[in-house]
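I have placed the structure first, in the form of structure tokens, so that the comments after it can refer back to it.
Model, not experiment: these values are computed from the prediction.
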Amino acid sequence: MEHRIRITPEAEVDGLEAVSELITRCAMAALEAEQAPEGCFVDVTIVDGETIREINRENRDKDAVTDVLSFPMLEFYNGTWPEDVDLDRNPEDGSLFLGDMILNYDRAVEQAEEYGHSVERECGFLTVHSMMHLLGYDHERSEEERQLQRKHEEGVLSALHLTRPTDQYEK
């Protein structure tokens, strides 16, 4: 069973087909790099700033526009798959729902300009960053875990040729 990435645009996106292909390619690369079991499913919704602000406020008590939010469905730690992960599969289709990604594409465009790299790089970074959260990584737990998550993200992005200049910001 193949992995599935469903993308639902709820905001205007120039070049939606190309953006959707990029998100899918980045999400699939993260799953492959993290040796995800077959049949993983991720639901991606592309929203505008006001929508993500509302979601951020309702779910995280943060009344601010952000670039991406991740809502993992499974609990595991730093990409270590639980032995009983198959118990979480959908009995109807056998898929393994990892969670939701809410992507603010407008913010990705703004940040690409701000950081001096391509929109493709920024959107790719945000996708991989969110995927790492869905796979149990959390840069907010400690500096060591922030570095570990960054290492995994940059590995995926390098494989996709979505690198950044070496003097680039450290997000």
*Check whether any side-chain heavy atom of Phe76 lies under 4.5 Å from a side-chain heavy atom of Leu135, and answer yes or no.*
yes

_Would you say CD of Gln147 has more than 12 non-hydrogen atoms from neighbouring residues, nucleotides or ligands within 6.0 angstrom?_
yes

*Applying side chain to side chain contact (heavy atoms under 4.5 Å, CB included), run through Thr127 and Glu122 and close with a yes or a no.*
CA-CA 9 Å; Thr127 299; Glu122 187 64 17; over 6 Å; no

*Could you tell me which non-hydrogen atom of Arg89 sits nearest to which non-hydrogen atom of Pro37, and how far apart they are?*
NH2-CB, 3.7 Å

*Are Leu134 and Leu69 co-members of a hydrophobic cluster defined by side-chain heavy atoms under 4.5 Å apart?*
no

*Is Trp81 reaching over with its side chain to a backbone N or O of Glu34, donor-acceptor style, under 3.5 angstrom?*
yes

*List the atom of Glu75, the atom of Pro82, and the distance in Å for their closest heavy-atom pair.*
O-CG, 4.3 Å

*Please say whether more than 12 non-hydrogen atoms of neighbouring residues, nucleotides or ligands are located less than 6.0 Å from CE in Met73.*
no

*Answer yes or no: is there an ion pair linking Glu58 with Arg53, defined by an N-O contact shorter than 4.0 Å?*
no

*With side chain to side chain contact (heavy atoms under 4.5 Å, CB included) as the test, would you mind laying out the steps for Asn90 and Asp93 before giving the verdict?*
CA-CA 6 Å; Asn90 180 325; Asp93 66 8; 3.2 Å; yes

*Does the His3 side chain pair with the main chain of Cys40, one donor and one acceptor, at a distance under 3.5 Å?*
yes

*Hey, are the side chains of Asn78 and Arg141 touching, using non-hydrogen atoms and a 4.5 Å cut-off?*
yes

*Looking just at side-chain N and O atoms, do Glu110 and Tyr105 make a donor-acceptor pair shorter than 3.5 Å?*
no

*Is there a donor-acceptor pair closer than 3.5 Å between any side-chain N or O of Asn56 and the backbone N or O of Ala64?*
yes

_With a 3.5 Å distance limit and no angle check, can you tell me whether Asp100 reaches the backbone of Phe71 through a side-chain donor-acceptor pair?_
no

*Given side chains that start at C-beta, do those of Met101 and Asp43 come closer than 4.5 Å, heavy atoms only?*
no

*Is a side-chain N or O of Gln149 found less than 3.5 angstrom from the main chain of His139, in a donor-acceptor match?*
yes

*asked:* For the backbone of Tyr77 and the side chain of Thr80, can you confirm whether one donor and one acceptor N or O come within less than 3.5 Å of each other?
replied: yes

*Which pair of heavy atoms, one from Cys26 and one from Gly124, lies closest together, and at what distance?*
SG-CA, 3.6 Å

*asked:* Ring-plane angle category for His117 and Tyr115, please: parallel below 30°, perpendicular beyond 60°, tilted otherwise.
replied: tilted

_Any donor-acceptor pair under 3.5 Å from Asp48 side chain to Thr51 backbone_ = yes

*Please walk me through it: do Arg146 and Lys151 pass side chain to side chain contact (heavy atoms under 4.5 Å, CB included)?*
CA-CA 9 Å; Arg146 184 192 71 77; Lys151 179 182 172 188; over 6 Å; no

*Beyond-backbone contact of Arg121 with Leu157, side-chain heavy atoms, under 4.5 angstrom*: yes

_Distance (rounded to the nearest 0.5 Å) between Met132 CE and Ser70 OG_ = 11.0 Å

*May I ask you to decide if Ser20's main-chain N or O and Thr24's side chain share a donor-acceptor pair within less than 3.5 Å?*
yes

_Please determine whether residues Val44 and Val47 belong to a single hydrophobic cluster, defined as Ile, Leu, Val, Met, Phe, Trp and Tyr linked transitively by side-chain heavy-atom distances below 4.5 Å._
no

*With Cys123, the side-chain contact (heavy atoms from CB on, under 4.5 Å) member among Leu103, Val13, Val128, Leu162*: Leu103

*Going hydrophobic residue to hydrophobic residue with side-chain gaps under 4.5 angstrom, can you get from Ile23 over to Ile102?*
no

*Please confirm whether Tyr137 and His152 have ring centers closer than 6.0 angstrom.*
yes

_Do Ile5 and Phe125 sit in one hydrophobic cluster, given that two such residues count as connected whenever their side-chain heavy atoms are within less than 4.5 Å of each other, even indirectly?_
yes

*Are any non-hydrogen side-chain atoms of Thr8 and Ile46 less than 4.5 angstrom apart?*
no

*asked:* Regarding Glu114 and Arg107, does a basic nitrogen lie under 4.0 Å from an acidic carboxylate oxygen?
replied: yes

*Roughly how far, to the nearest 0.5 Å, is the CD atom of Glu145 from the CD atom of Glu143?*
10.5 Å

*Between the side chain of Ser130 and the main-chain N/O of Leu126, is any donor-acceptor distance below 3.5 Å?*
no

*asked:* Do Ile52 and Val119 sit in one hydrophobic cluster, given that two such residues count as connected whenever their side-chain heavy atoms are within less than 4.5 Å of each other, even indirectly?
replied: no

*Is Arg4 salt-bridged to Glu38, cutoff N-O under 4.0 Å?*
no

*Nearest 0.5 Å, what's the CZ-OG1 distance between Arg57 and Thr66?*
13.5 Å

*What is the distance from atom CD of Glu10 to atom OG1 of Thr45, rounded to the nearest 0.5 Å?*
5.5 Å

*asked:* Within the 4.5 Å heavy-atom criterion, are Asn104 and Val68 side-chain neighbours or not?
replied: no

*Please round to the nearest 0.5 Å and tell me the distance separating atom CG of Asp106 and atom CD of Gln111.*
11.5 Å

*Between Leu98 and Leu31, is any pair of side-chain heavy atoms under 4.5 Å apart?*
yes

